[in-house]
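In what follows, a single structure is set out as structure tokens and then discussed.
Counting from 1, the numbers follow the sequence of the chain as shown. Just so you know, ligand 1 is whichever comes first in the structure, and atom 1 is the first atom listed for that ligand.
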Amino acid sequence: MGKQVRKAVFPAGGLGTRFLPATKVIPKEMLALVDKPIIQYGVEEAIASGIEHIIIITGRGKGTIEDHFDNSFELDAELARKGKHELLAVSRGVSALARISYVRQKEPLGLGHAVLCARELVGDEPFAVILPDDVIDAKVPCLKQIMEVFDKRGGSVLATQTVEGDAISAYGVLAGSQDPDNSRIYNCTGMVEKPKFADAPSKQAIIGRYVLTPRIFALLEQTTPGAGGEIQLTDAIRALLKEEKVFGYIFEGKRFDAGDKLGMLQATVEFALKRSDLGPQFRAYLKGLEL
Ligand code: UTP
């Protein structure tokens, strides 16, 4: 048996330009989906998957992320004084969620660079990466699903979803073939970043959940800026493929791109409908709309 995945890296150093002007001051990761910042969904998923240590990559203007996962002494004291015990438990629960460390990315030089910033804290062991703006609704947490593949197969694992038609051009896309023993596993031989539909090597689009071996750090260090002048994680994974096995895994569940306006709206509707305290009223409201 190889080493266990104990740490998860959350790159949150990006500028979130797709959500301007909301993200001029508020980090994208702190935008609320119903009543929780989107990054908290990812943190809860990591914990539910057995992760022990969370490493969040922040940057300028991202201080509210640290405050959110810290004790809020004044708020807690006020809620206690007013006897609002349920809300107090919610507030305290957030800060008790996990062991979290922060690393500052001095400049948003790309997702690959953000992951490289975690090198010292991760050390020489396999680790997970969670992109916080991908919010996933799944019976078994998506990260847990790919950690199980890692345990069985031993190579890096990228969560994927099947994307039909032109929409594939928004993703990194896997080349390779379906595993003969497990139709959800994809034996990866290459990957193409944002291909035209006609050039896409498969329908398997990479989403924001990865388990990577520590070899990726040395490869990231050698990666020169690619598309958009940024150090791309996919470029380093392509180099990793030449040395080690890399698998895709078609996860079970539904992913929302909450870093995008339409994705956030879709997630809001679906998550609100599932809530026992909001769902029935919200459903009645939606039914009453003349669409
Ligand atoms: P995105 O491309 O979705 O995020 O990166 P962005 O650049 O913040 O957003 P837009 O496209 O301008 O709206 C995926 C993840 O990688 C992080 C982002 O914070 C996001 O969680 N990231 C990106 C970094 O941590 N550092 C970077 O230099 C770039």
* Please report which non-hydrogen protein atom sits nearest to atom 4 (O) of ligand 1, along with the residue it belongs to and the distance in Å to one decimal place. => Lys28 NZ, 2.9 Å

* What do you reckon, does Gly13 have a nitrogen or oxygen under 3.5 Å from a nitrogen or oxygen of ligand 1? -> yes

* Taking atom 16 (O) of ligand 1 as the reference point, the nearest protein heavy atom with its distance -> Leu111 CD1, 3.6 Å

* **Close approach, Glu29 and ligand 1, non-hydrogen under 4.0 angstrom** => yes

* Taking atom 26 (N) of ligand 1 as the reference point, the nearest protein heavy atom with its distance -> Gln105 OE1, 2.8 Å

* Determine whether the side chain, the backbone, both or neither of Ala12 has a heavy atom under 4.0 Å from any heavy atom of ligand 1. => backbone

* Pairwise side-chain contact, Ser202 with Ile168, heavy-atom cut-off 4.5 Å (strictly under) -> no

* Nearest non-hydrogen atom to atom 7 (O) of ligand 1 belongs to which of Leu20, Leu15, Ile130? -> Leu15

* **Under 3.5 Å: N/O of Pro132 near N/O of ligand 1** => no

* Asked: Do Val122 and Ile47 belong to the same hydrophobic cluster, where Ile, Leu, Val, Met, Phe, Trp and Tyr are linked whenever their side-chain heavy atoms lie under 4.5 Å apart, directly or via other members?
  -> no

* To do: Heavy-atom contacts with Ala114 under 4.0 Å: which atoms of ligand 1 show up? List them by number with element.
  => 24 (C), 25 (O), 26 (N)

* Asked: Given that the side chain starts at C-beta and the backbone is N, CA, C, O, which of these parts of Glu230 lies under 4.0 Å from ligand 1, counting heavy atoms, or is it both or neither?
  -> neither

* Scan for ring pair (Phe, Tyr, Trp, His ring centres under 6.0 Å) pairs involving residues 102-127, sequence neighbours excluded, and state none if there are none. => Phe127-Phe217

* **Atoms of ligand 1, numbered as shown, that sit under 4.0 Å from any heavy atom of Gly110** => 26 (N), 27 (C), 28 (O), 29 (C)

* Asked: Under a single-linkage definition using a 4.5 Å side-chain heavy-atom cutoff for Ile, Leu, Val, Met, Phe, Trp and Tyr, are Val149 and Leu212 assigned to the same hydrophobic cluster?
  -> no

* To do: List the steps, then state whether side chain to side chain contact (heavy atoms under 4.5 Å, CB included) holds for Tyr41 with Leu33.
  => CA-CA 9 Å; Tyr41 290 88; Leu33 171 51; 3.7 Å; yes

* Asked: Between Phe19 and ligand 1, is there a nitrogen or oxygen pair with a distance under 3.5 Å?
  -> no

* Euclidean distance, Lys274 NZ relative to Asp137 CG, rounded to 0.5 Å -> 3.5 Å

* Among protein heavy atoms, which sits nearest to atom 8 (O) of ligand 1, and what does the distance come to when rounded to 0.1 Å? -> Gly16 N, 2.8 Å

* **Residue pair Arg215, Glu243: steps toward the salt bridge (Lys or Arg N to Asp or Glu O under 4.0 Å) verdict** => CA-CA 9 Å; Arg215 175 70 188 142; Glu243 302 180 6; 2.6 Å; yes

* Structure fact -> ligand 1 to Pro108, heavy atom cutoff 4.0 Å, flagged ligand atoms 28 (O)

* Strictly under 4.0 Å, does any heavy atom of Gly259 approach an atom of ligand 1? -> no

* Got the closest protein heavy atom to atom 17 (C) of ligand 1, with its distance? -> Pro11 O, 3.6 Å

* Where is the nearest protein heavy atom to atom 23 (C) of ligand 1: which residue, which atom, and how far? -> Gly14 CA, 3.8 Å

* To do: Evaluate the side-chain proximity of Val192 to Asp199: yes if any heavy-atom separation is below 4.5 Å, no if none is.
  => no

* For Ile26, look at atom CD1 and say whether over 12 heavy atoms of other residues, nucleotides or ligands are found less than 6.0 Å away. => no

* Spatial distance of atom CZ (Arg99) from atom CZ (Phe69) [nearest 0.5 Å] -> 16.0 Å

* Which ligand 1 atoms does Asp133 reach within 4.0 Å, using its non-hydrogen atoms? -> 3 (O), 21 (O)

* Asked: When only distance counts, is Leu131 in polar contact with ligand 1, meaning an N/O pair under 3.5 Å?
  -> no

* Check whether any heavy atom of His113 sits under 4.0 Å from an atom of ligand 1. => no

* **Ion pair check, Glu193 and Arg238, cut-off under 4.0 Å** => no

* Interfacing atoms of ligand 1 (cut-off 4.0 Å, heavy-atom, Leu109) -> 28 (O)

* To do: Among all protein heavy atoms, pick the one closest to atom 12 (O) of ligand 1 and tell me residue, atom and distance.
  => Thr17 OG1, 2.5 Å

* Compute whether any side-chain donor of one residue and acceptor of the other, for Gln204 and Thr162, lie under 3.5 angstrom apart. => yes

* Structure fact -> On a heavy-atom basis, the closest approach of Val9 and Ala118 is CG2-CB, 3.7 Å

Without placing hydrogens or testing angles, list every side-chain donor-acceptor pair under 3.5 Å for residues 247-257, not counting sequence neighbours.
| from | atom 1 | to | atom 2 | distance (Å) |
| --- | --- | --- | --- | --- |
| Lys254 | NZ | Glu270 | OE1 | 3.4 |
| Lys254 | NZ | Glu270 | OE2 | 2.7 |
| Arg255 | NE | Asp134 | OD1 | 3.1 |
| Arg255 | NE | Asp134 | OD2 | 3.2 |
| Arg255 | NH1 | Tyr171 | OH | 3.0 |
| Arg255 | NH2 | Asp134 | OD1 | 3.1 |
| Asp257 | OD1 | Gly259 | N | 3.1 |
| Asp257 | OD2 | Arg18 | NH1 | 3.3 |

* So which protein heavy atom does atom 11 (O) of ligand 1 come closest to, and at what separation? -> Arg18 NE, 3.1 Å

* To do: Return yes when Ile57 approaches ligand 1 closer than 4.0 angstrom through a heavy atom, no otherwise.
  => no

* Polar proximity ligand 1 side, Glu107 side, N/O cut 3.5 Å exclusive -> no

* Do you reckon Ile38 sits in the same ILVMFWY cluster as Leu97, going by side-chain contacts under 4.5 Å, direct or chained? -> yes

